[in-house]
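Shown next, in structure tokens, is the structure this report addresses.
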Protein chains: 2
Amino acid sequence: MKVTRADVARLAGVSSATVSNVLNENNKVKEETAVRVRAAIKELDYRPDMIARSMVMKKTMQIGIVLENISNPFFGDIVRGFESAANEKGYFVNICTGFNKLDDYFDNFIIRRLDGVFVTAIPYKFKIDKLYHLVDKGIKVIVSGNVGADFRKVSSIENNHIEAMHIAMQYLYDLGHRDIAYLSGLGRNLPYDLRSIGYREMVEKLNLPCKDSLLFDGKFPYSTDMMDGFHYANELLDSGRKFTAVICVNDLMALGAMKALKARGLRIPEDVSVMGFDGISYGQYWEPTLTSMSMDKIQFGKKAFELLYTNMSRGSTGYFQNDLELVEGQSTAKCR
Amino acid sequence: MKVTRADVARLAGVSSATVSNVLNENNKVKEETAVRVRAAIKELDYRPDMIARSMVMKKTMQIGIVLENISNPFFGDIVRGFESAANEKGYFVNICTGFNKLDDYFDNFIIRRLDGVFVTAIPYKFKIDKLYHLVDKGIKVIVSGNVGADFRKVSSIENNHIEAMHIAMQYLYDLGHRDIAYLSGLGRNLPYDLRSIGYREMVEKLNLPCKDSLLFDGKFPYSTDMMDGFHYANELLDSGRKFTAVICVNDLMALGAMKALKARGLRIPEDVSVMGFDGISYGQYWEPTLTSMSMDKIQFGKKAFELLYTNMSRGSTGYFQNDLELVEGQSTAKCR
DNA sequence: GTGAAAGCGCTAACAT
DNA sequence: ATGTTAGCGCTTTCAC
């Protein structure tokens, strides 16, 4: 049988309300009685039931975090930062990772009355209306990767990928590269593909001869894993277009791309320079080590929770923009 | 205001019990009334509240999955398989990943009344008593990686890592290797380090000259990530001991180890053969591709859920042993 | 076939 | 300072 508050109350010779007051530490209870109650709690190994509590409090102290690829260590780190910050505030985190059916989670969030949700996934994976619907149902939301969101409804934390791409391009340009390919994985047709925007801005600004012939769009379902990098690099190679540097949408793709380039006998960085985004640690164990636009992912996760927490407790949405930093590896070098 | 069953009942001109009967499809309701009820549900955009339902049903339809390193794609795949199987049965999965404080989750599982838990983590990360305590509280448990568990209390799904290690050793032996190092990450002092057991059995059986001088134990907190492989490989190199092959506890460590070996000018596989366990896809993008004792991780996750499901619905624990298969890459070759 | 009512374990007025 | 009680939204007998 389940031990309830009533059992504790009976054993301690008090009412269940008194037990509540002891547990919720609003020191309304005389120390003498509190001691008796605590003893009873211990004796019965009683634990308050969160379900019943959620029922009346209208708070579940549960947060969902939705992401596409749990195996990408980039997200792994973000999750860690987010979760540890959430745990500190007493929240329990649901990690939801479904490669394609993210929408289904949203319905679940509603019927399970989550307090908040952190969605870090590219927007085509879900319907934005579904997201707003969460908000209508009283669930606070923070998004990342979704530039088009209505900031009055949801909080937002974004990486400044446009600026980061500018830095990357300028860096390669300064090394003498002119034929810089970009393997997007996403695509210029997707409005939230900020790196593509930054890329094209720099092609323009630096007056690169390739125009946008070296921008390789991704294809549905816009997967950006290692194997995709391998695939898109081969596409680049097969195109026969001239290039001396390759930027990839993320490190995972960059690592896969390097594999493809090497397989065709190209040396990195002697023949071709390669860069990624994210700064995942695996990049440092590759051969050669990967140059990347890097960031503090744990911190990013923490910050995301903070914004969500503010939203949950004060009801106000917020916005944060995160800057990336160039970390040089051995995968880039002067253009010969 | 929240839409409740009562609202629907009122609009449809029936009682809330009838609404329940419609929703739970126990066709006790005349089709004519059911139609009216469904119309009311749609009109009000009503959704049953899982919290209230959990309250009375004493089932939350929530399952926790506890793992140590979310970023290891090995676990990522297992989670995917597990989660998709769980979702099909209507369960919502909580992924819990904390590098060290796994115990805390267990308390949470109790007060949140999860129906079941899948723990795939090495046992020293949590107290086994805490695990049994879950069972006492009515939460069904399946473990993986914990050979010592009481099978009457918890279900279990294990990889046959002893056998797999035998296969790996025999394979290297047949290639002519005699000085085969094993970077355990865990350690022979940990009873659940099955690979170490298998290793020592084969050293004995094949009468390898190295005895166990080439078995490198891990150190607390027994992390087995890429950087650990790098670290332990350096330890091996620094020991000055002769070796022609290296087996690592998992692929991630093997990839890190390759980095260290190459950094000292050793060629793989010409100078040294390297093998891992798990068969993660990243291994196929490395240079050279990794030979590994591989397995179907998605299937493993599915199977884990099935066992848990049986446990939850019929109350009977179960056991499954999974076999690994040698997948050759370019990281192993004949010993010169 | 449908409705009334009790109860799941808790919190939060409101009484005492 | 402590107890009583009315819900929270649902399921489930048990009547009708």
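Just so you know, these numbers come straight off a predicted model, no measurement behind them. We name chains A, B, ... by the order of the sequence lines, and we start the count at 1 in each one.
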Closer than 4.0 Å, any side-chain N/O of A:Arg5 to the OP1 or OP2 of C:dG9? no
Could you walk me through whether A:Arg53 and A:Asn24 pass the side-chain contact (heavy atoms from CB on, under 4.5 Å) check? CA-CA 12 Å; A:Arg53 168 176 256 222; A:Asn24 301 333; 2.9 Å; yes
Which nucleotide in the list C:dC8, C:dA12, D:dC10 gets nearest to the side chain of B:Lys58? C:dC8
Whole angstrom is fine here: how far is it from CD1 in A:Ile51 over to P in C:dT11? 13 Å
If you find the nucleotide of DNA chain D closest to A:Lys30 and the one closest to B:Lys2, which residue's nucleotide is nearer the 5' end? A:Lys30
Checking A:Thr60 side chain against A:Arg113 main chain: does a donor-acceptor pair fall under 3.5 Å? yes
Atom-pair distance (CG on A:Asn21; C1' on C:dC14), nearest Å: 13 Å
Mark yes when over 12 heavy atoms from residues, nucleotides or ligands other than A:Glu32 sit less than 6.0 Å from its CD; otherwise mark no. no
Between D:dG3, D:dT12, C:dT2, which nucleotide gets closest to the side-chain atoms of B:Ala17? D:dT12
Quick one: B:Arg36 CZ to C:dG1 P, roughly how many Å, whole number? 15 Å
A:Met50 CE to C:dT11 C1': how many Å, rounded? 13 Å
Would you indicate whether B:Lys89, at its atom NZ, is surrounded by more than 12 heavy atoms from other residues, nucleotides or ligands within a distance under 6.0 Å? no
Quickly work out the A:Ile111 CD1 to D:dC10 P distance and round it to whole Å. 11 Å
Nearest whole angstrom, please: distance from the P of C:dC10 to the CE of A:Met61. 17 Å
Let me know the distance between CZ of A:Arg47 and P of C:dC10, rounded to the nearest Å. 13 Å
Gap between atoms CE and C1', on B:Met55 and C:dA6 respectively (whole Å): 13 Å
For B:Val56, answer base if it contacts any base atom (sugar-phosphate contacts may also be present), sugar-phosphate if it contacts only those atoms, and nothing otherwise; contact means non-hydrogen atoms under 4.0 Å. base
Closest nucleotide among D:dT2, C:dC10, C:dG3 to the A:Thr18 side chain: D:dT2
Let me know, please, whether A:Ala52 or B:Ser15 comes out on the 5' side of the other along DNA chain C by nearest nucleotide. B:Ser15
Under 4.0 Å, heavy atoms only, any strand: does A:Ser20 hit a base, just the sugar-phosphate, or nothing? base
What's A:Thr33 touching, base or sugar-phosphate or nothing? Going by heavy atoms closer than 4.0 Å. sugar-phosphate
Answer yes or no: is there a donor N or O on one side and an acceptor on the other, between the side chain of B:Glu158 and the main chain of B:Gly145, under 3.5 Å? yes
